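Letters go in sequence order (proteins before strands), and every chain restarts at 1. Keep in mind it's a predicted model, so treat the numbers as computed, not measured.
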There are 2 protein chains.
Amino acid sequence: MYRPHAAVRDLSGDDVSGQPENGKPPSRRPATSVDVARLAGVSRATVSHVLNGQVERFSAETVERVRGAAAALGYVRSTAGRALVRGRGDFIVLAVPHATVTRVQEVIEALSADIEELGFTVVVHFAGVRAGRKAPDRLHHMIETLRPAGVVNLGGLSEDDMEALRAAGCLVLPRYRSGDPNLFIGRLQAGHLHARGRTEIAYAFTGDRRDDPYGPGRAEAVAAFCAEAGLAPPAHLHVPIEAAAARKALERLVSLRGRPVGIACYNDEVALALVFAAKGLGLEVPGDVAVIGVERTEVGQVVSPRLTTVAGDLPAIVGFFRYDLARAYGGAASRPEPPGLTDGYRIYQGETT
Amino acid sequence: MYRPHAAVRDLSGDDVSGQPENGKPPSRRPATSVDVARLAGVSRATVSHVLNGQVERFSAETVERVRGAAAALGYVRSTAGRALVRGRGDFIVLAVPHATVTRVQEVIEALSADIEELGFTVVVHFAGVRAGRKAPDRLHHMIETLRPAGVVNLGGLSEDDMEALRAAGCLVLPRYRSGDPNLFIGRLQAGHLHARGRTEIAYAFTGDRRDDPYGPGRAEAVAAFCAEAGLAPPAHLHVPIEAAAARKALERLVSLRGRPVGIACYNDEVALALVFAAKGLGLEVPGDVAVIGVERTEVGQVVSPRLTTVAGDLPAIVGFFRYDLARAYGGAASRPEPPGLTDGYRIYQGETT
DNA sequence: TTGTAAGCGTTATCAT
DNA sequence: ATGATAACGCTTACAA
């Protein structure tokens, strides 16, 4: 006889898994729609219909019986069967950049909750160079093997990647052209430095050579601001989060551009590295070197001098993705206006500007 | 006629998704094993066998034809079909604690790479209190709906959670009793403070009230060390990553226990908060207040004073999980000895002790 | 060495 | 208002 579940028993019962086999096998076969149907005295089709909300077409009494039976058996639909018949899974892939974005965890958690509420399962995928430049391949493989309902790009995907995915028949969110938040952030930083009296402005990239999906856009925005304000084009520097290297980078900048100088940083970590590098070089902050970060990390606010930084609030950012998600999958009526991704970004004044 | 794939077309083709329908539908039905079989001139069974590595049983020529056909068609197995027949999916769930573990991202990435190499797909699940105390339910639901091959507990699961999962027939890794790394870390911290001459020792928990899966074990280890060394039981304090609150907590500790005092901290962030709190209170570091963190975050090493901290190296930590994974799924022969989870943890001497 | 056929759980269609 | 059925793609015991 052919028993396809034998493998499952092997896995969870024996020394392969190392699980203790305490008396009876703890993993009895999960209830299926057949079981529910039998218990409720109806057909599998009826079960399926009722449990998928097609309640109108059945007698209240039948509906009740089916639901009762399902609850009694602890029945839960098999994703596998569902996916098989529907041609795609109930997954949403979150493509996260490898880059150092400290608060990315919070964004992921918030989005995950949202997505799961919509009935999907979240698969987080870190897209980064680190694992040997085969990141796009890994993603592509995952897409093919998973056939997800959609991919949410949090910055880990290039335009090419996204296009390839769409070509493979995969829904990719968000589809913004409308307001790259990085442009907004860069402009905010430069504007602030200028408002605080700096005429010499620089942009500090993160130092390690991971892919940095946000930096270029922000640097570009800073440059644009400088041009508009009639300032010299911003110097660029790369700042590793390491004392000696950061000091060297700052030293080079100051010798090149003099002081005072204002530096728009990729994130709070870069900003901190520069603040303490300045200290090491005997430069005043913010007198000689003004510094502004991004993210408003907790450490940035607890050290002295307290960091000036720009950050968006989570609800606004998540709201943007939520809107796209709801539009694509849920009730499109949830919100009439697409929230801008730039909403809620603002300066938090600290002691470094 | 019954066309189950209609829904897929709807999704990826029309305004529901917002994708441009450029000319011909970009998503033609993916190749199935039937297609491969037809092109190779063999049966589906043969295709399945060959592609699952049962190469020995077939003529080299057949194998080649099958592989060629699969490659030519860009065939990739459907997870859905596979999962359906096997009773469980190709997923490994990574249960991550919500708690602030800055380097958790790196661990996730490294583990993901490992796991994917074993042929599984990684699903990251953040288990935390934040989302309204329904975290266990969320996880349980995910387990039921996904029927994953296993769950890797990175600290987000309580013993009860794990037991519940096992009862549901799910493989849960790692099954360590053998050396909770937190005990090792706590002891390392206390031992270092003592070696630096402190006789008054305290343990600083993180301040926010998220679930903190690591703190208790470490505090316990610190207490154990103090008892063995004949020191007073360690004071406990909770340190929010916020200047005023951190200062208040430290002030209270010093008024209670006097100085000098040595503080073993939950992580580098807590340590930094205390270092700058001390500064604000006019206390010397490390003279009056010695501080040691955990994690060796980059910021902790770039600020002044540079943090003394304890950290394990990633390869060792990941290696531990990798061993368990390989034992459960891959070739168990990959490594004879289970690496201890305490391997590779050590003190990094900074300027705060 | 290769093929046949059954069976996994779900859902859309069509018949009752 | 409800049910029977076929189909989704894959794996595997067993027959050839």
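Listed by chain and residue number, A:Arg138 satisfy the salt bridge (Lys or Arg N to Asp or Glu O under 4.0 Å) test with B:Glu116 (two or more places apart in sequence, or in another chain). A:Ala110 is linked by a side-chain contact (heavy atoms from CB on, under 4.5 Å) to A:Val318, counting only residues two or more places apart in sequence or in another chain. With sequence neighbours excluded, the residues satisfying side-chain hydrogen bond (donor to acceptor under 3.5 Å, both in side chains) with B:Thr62 are B:Ser59. Taking the side-chain contact (heavy atoms from CB on, under 4.5 Å) definition, one finds that A:Ala80 meets it with A:Ser78, B:Ala83, B:Leu84, sequence neighbours left out. With sequence neighbours left out, A:Arg44 forms a side-chain hydrogen bond (donor to acceptor under 3.5 Å, both in side chains) with no residue at all. Evaluation of the salt bridge (Lys or Arg N to Asp or Glu O under 4.0 Å) rule for B:Glu61 yields B:Arg65 as partners, not counting sequence neighbours. Partners of A:Val63 according to the side-chain contact (heavy atoms from CB on, under 4.5 Å) rule, which considers only residues two or more places apart in sequence or in another chain, are A:Val50, A:Val55, A:Phe58, A:Arg67.
The residue B:Ser48 sits close to a base: some heavy atom pair falls under 4.0 Å. No engagement by B:Ala80 is indicated, since no non-hydrogen atom pair under 4.0 Å with the nucleic acid exists. The residue A:Arg44 sits close to a base: some heavy atom pair falls under 4.0 Å. Within the 4.0 angstrom heavy-atom criterion, base atoms lie near A:Arg57.
A:Leu165 pairs with exactly one of A:Asn153, A:Val93, A:Val151 by the side chain to side chain contact (heavy atoms under 4.5 Å, CB included) rule, that one being A:Val151.
Counting to the nearest Å, the C1' atom of D:dG9 and the CZ atom of A:Arg88 are 17 Å from each other. Atom pair B:Arg86:CZ and C:dA6:C1' shows a separation of 18 Å (rounding to whole Å applied). Between the CG atom of A:Asn52 and the P atom of C:dA12 there is a distance of 7 Å, rounded to whole Å. As a whole-Å value, the separation of B:His49 NE2 from C:dT2 C1' is 10 Å. In this structure, CG of B:Leu51 is placed 10 Å from P of D:dC10, rounded to the nearest angstrom. One can place CD of B:Gln54 at 8 Å from P of D:dT12, the figure rounded to the nearest angstrom. In this structure, A:Leu146 atom CG and D:dG9 atom P are separated by 16 Å, rounded to whole Å. Rounded to whole angstrom, the span from the CG atom of B:Leu84 across to the C1' atom of D:dC8 amounts to 9 Å.
Close to D:dG9, at under 4.0 Å from its OP1 or OP2, lies no side-chain N or O of B:Ser78. In this model, the phosphate group of C:dT11 is approached by a side-chain N or O of A:Arg82 to a distance below 4.0 Å at OP1 or OP2. The shortest distance between the side-chain N/O atoms of A:Thr46 and the OP1/OP2 oxygens of D:dG3 is below 4.0 Å.
Mapped onto DNA chain C by nearest heavy atom, B:Gly81 and B:Ala45 fall at different nucleotides, with B:Ala45 at the one closer to the 5' end.
The stretch residues 62-75 of chain B touches DNA chain D through B:Tyr75, each having a heavy atom under 4.0 angstrom from the strand. Heavy-atom distances under 4.0 Å link DNA chain C to A:Thr32, A:Ser33 of residues 31-42 of chain A, given in residue order.
Within the model, atoms CZ of A:Arg82 and CG of A:Asp90 stand 5.0 Å from one another, a figure rounded to the nearest 0.5 Å. With values rounded to the nearest 0.5 angstrom, B:Ile92 atom CD1 is found 7.0 Å from B:Leu173 atom CG.
Each end of the helix from C:dT1-D:dA16 to C:dT16-D:dA1 gets its own axis, taken as the rotation carrying the C1' atoms of four end pairs onto the next four within a five-pair window, and the two axes meet at 40° to the nearest 10 degrees.
If you check C:dT11, D:dT12, D:dT2 against the side chain of A:Val85, the one that comes closest is C:dT11.
Identified under the ring pair (Phe, Tyr, Trp, His ring centres under 6.0 Å) test for residues 68-89 of chain B, with sequence neighbours left out: none. Sorted by first and then second residue, the salt bridge (charged side-chain N to carboxylate O under 4.0 Å, His left out) pairs with a member in residues 31-40 of chain B read B:Arg29-B:Asp35, B:Asp35-B:Arg38; sequence neighbours excluded.
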